[in-house]
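For reference, the structure is listed below as structure tokens.
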2 protein chains.
Amino acid sequence: MADVGRLAEVSAQTVSRFFTGGYVGQETRARIEAAVAELGYRQNQVARNLRVQRTDTVGFLMMGPINYGNAEILTGVGRGARGSGMSVITTQLDLDTEEDAHSDVRAALDRFLSFQVDGIVVGTPYLGLGAVMEHVGGEVPVVTLSEQESSAVDFTHADSYNAGLTATRHLIELGHRRILHLAGPSDRNESGQREQGYRDAIAEAGLSPLDVLRCPEWDARSGAGHGARVDPSSFTGVFSANDEIAFGFSHALAARGFTAPRDYSIVGIDDMPDSLFRTPPLTTVRMDFQLLGETAIRMLLERIRTGERQPGVIIPAELVVRESTGEPRR
Amino acid sequence: MADVGRLAEVSAQTVSRFFTGGYVGQETRARIEAAVAELGYRQNQVARNLRVQRTDTVGFLMMGPINYGNAEILTGVGRGARGSGMSVITTQLDLDTEEDAHSDVRAALDRFLSFQVDGIVVGTPYLGLGAVMEHVGGEVPVVTLSEQESSAVDFTHADSYNAGLTATRHLIELGHRRILHLAGPSDRNESGQREQGYRDAIAEAGLSPLDVLRCPEWDARSGAGHGARVDPSSFTGVFSANDEIAFGFSHALAARGFTAPRDYSIVGIDDMPDSLFRTPPLTTVRMDFQLLGETAIRMLLERIRTGERQPGVIIPAELVVRESTGEPRR
DNA sequence: TAATCAAGGCCGACATCAGTT
DNA sequence: AAACTGATGTCGGCCTTGATT
């Protein structure tokens with residue numbers, strides 16, 4: 001900056017003003033611009049951050065594999081941040097054991113704080129991380145993508161409960177009475193909400209829930225495992241906690257000669273791009289994960305700006321009926 | 001740090017030594033540890049970065065949607081960085097037009113430099129970005145995930161050419177003579193390499209290439225578009241530039257009554273997790289994108305450490321034969 | 001008076017060097 | 001001499017204050 005000042009024949013201080021926006025004369029401005037261009041000068045954000053005690057950077061913590069949902073959320077977070085002139089430091093953790101989870105998450109958040117991020121978005125929160133986030137929320141604004149009753153941490157999340165409700169009701173309306181639920185990982189918040197939606201829909205129709213089949217991961221492999229073992233005569237409808245699990249389940253059943261919608265109906269959640277190109281195209285509940293990510297950033301920036309607690313935002317879920325569901329034939 | 005020093009009854013300087021590793025007495029160390037714990041003190045990386053002129057941070061630039069490949073690369077980059085105590089600033093750009101591309105990329109890289117990152121990984125490089133990267137490579141180490149003949153920029157990439165060669169040869173060995181190629185976006189490096197592999201395999205077998213069908217994106221929709229229009233009698237084998245495109249193509253053909261491997265054979269590239277759970281499971285060429293990301297980081301760190309140009313690393317591709325390919329029946 | 005610019009201090013660490021046991 | 005500790009200056013910006021036109 002001193003170099004630029006020398007070349008433009010002004011003080012370094014005036015060059016600083018040139019960047020931050022203050023009184024700089026027309027002519028002086030032009031000379032500085034020329035000098036900046038000639039020297040290829042670029043502000044040193046590190047020095048600036050130190051002085052202004054602000055980094056215009058947010059930390060984004062993601063857990064588990066970068067699957068469709070996480071990728072879309074990241075896209076939304078990135079877009080929202082860039083649109084507001086913020087940068088994003090991303091950390092993705094593969095969490096193997098529950099013990100790892102806490103210390104790894106802790107370490108990742110500490111690193112963010114050490115970087116003096118202006119705020120943190122915690123994607124994919126696991127059950128039992130409330131205390132950790134609570135603590136961090138005391139130091140810097142935090143938005144989490146799940147329900148979190150706390151004044152220190154804001155939240156937004158997709159409407160998993162209604163998604164489960166809607167998906168199950170759809171099957172019930174088609175006439176299904178024995179409806180199976182393929183549930184997501186037990187340590188994930190969304191799993192519980194989707195399952196609760198299923199249970200409530202079943203209950204309100206006066207039906208009985210079948211034993212829930214739990215998937216260790218949100219992936220096709222987990223669904224295929226169940227599809228290979230399940231008794232196909234025990235159900236006519238299937239509500240899968242997400243599309244991937246549904247794909248695996250259907251694939252395994254197809255290998256046993258059972259296909260949708262002829263032998264059973266199946267509905268998923270997410271509406272992955274691929275769901276449209278499956279045979280049959282999958283009925284599912286669409287979630288706008290990009291919007292979710294953008295919303296998280298928007299709320300975070302607002303919290304940073306005003307310091308006020310943000311009302312929780314719930315991103316709606318929308319049923320998309322395709323060809324994997326129909327009336328039961330048995 | 002001064003606060004910690006006060007509580008531990010030592011100078012701030014000694015606290016600094018405590019963290020950076022230097023002579024600190026046994027007893028003093030214990031007092032500092034206690035003080036740090038009590039105050040919940042955490043180093044200010046921004047100040048540290050300014051002083052040591054190093055940030056232990058790398059920038060990762062990604063272009064286009066965060067699809068399977070990008071997500072895996074990001075996973076690898078993140079893991080490699082975390083394993084070496086580095087942080088990652090991620091920027092993902094949706095590039096709509098070619099003009100946007102250059103200025104957006106430029107802006108994103110400038111931002112990295114302004115942050116004083118220690119190095120940059122440019123994922124998904126587009127054709128024609130060489131000059132920009134070259135320029136940036138003069139200021140800070142850069143690794144790009146494509147071929148780049150330059151002393152300023154190191155590179156690593158998956159073996160797209162051999163993947164194309166292998167996939168096409170596989171079809172030829174099965175007896176196919178009219179082999180169609182569904183090519184990826186024309187502005188992407190990998191597309192060209194995969195297509196060249198196809199052409200060379202066709203040529204070495206003394207066959208004639210069919211007109212290449214170009215996809216505007218790496219997605220199923222693009223493949224489906226071609227699948228809906230193509231003349232099914234014009235080919236017996238299909239080499240698709242990636243799995244997603246293959247899925248869309250097969251889906252559209254299935255709607256017209258043509259299925260693999262009965263009516264035609266199809267092979268993709270990537271080996272997405274889903275490819276195993278398709279009907280039929282897709283024959284494909286596996287690429288280890290996580291390894292690619294880890295390799296990029298490893299090379300970058302080595303370049304940062306030594307300042308020496310790194311030899312380009314090519315990640316091998318491996319044919320995975322499943323049930324979408326077989327001998328031609330016509 | 002308003003617009004414009006310069007000088008000095010400070011953000012929070014670490015390197016250096018001097019000083020003590 | 002070796003182990004340890006403290007004082008000072010510096011990284012590169014921005015803020016405050018005060019001066020000048």
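Treat the numbers as computed from the prediction; the structure is a model and nothing was measured. Just so it is clear: chains get the letters A, B, ... in the order the sequence lines come, proteins before strands, and each one is counted from 1.
Closest to the side chain of A:Gln13, from the set C:dG12, C:dA15, C:dA6, is C:dA6.
Using a 4.5 Å heavy-atom cutoff, the side chains of B:Met1 and B:Phe19 are in contact.
Residues A:Arg51 and B:Tyr23 both approach DNA chain D. Their nearest nucleotides, taken by heavy-atom distance, put B:Tyr23 toward the 5′ side. Comparing B:Arg17 and B:Asn44 along DNA chain C, the residue whose closest nucleotide (by nearest heavy atom) sits nearer the 5' end is B:Asn44.
Heavy-atom contacts of chain A under 4.0 Å fall on DNA chain D between two terminal nucleotides, which in 5' to 3' order are D:dG12 to D:dC15.
Between A:Gln116 and C:dC11 there is no side-chain polar atom (N or O) within less than 4.0 angstrom of OP1 or OP2. Taking side-chain N and O atoms only, A:Thr14 has no distance below 4.0 Å to OP1 or OP2 of C:dT4.
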Can you give me every donor-acceptor pair (side chain of residues 28-40 of chain A, partner residue at least two apart or in another chain, under 3.5 Å) with its distance?
unit_1, atom_1, unit_2, atom_2, d
A:Arg31, NE, A:Ala8, O, 2.8
A:Arg31, NH2, A:Ala8, O, 3.3

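Rotation axes derived from the C1' atoms of the five outermost pairs at either end of the helix from C:dA2-D:dT21 to C:dT21-D:dA2 lie 40° apart, to the nearest 10°.
Residue B:Ser16 is classed as a base contact, given a heavy-atom separation below 4.0 Å to a base. Nucleic acid contact class of B:Phe18 (heavy atoms, under 4.0 Å, all strands): none. Counting non-hydrogen atoms under 4.0 angstrom, B:Thr20 reaches the backbone sugars and phosphates but no base.
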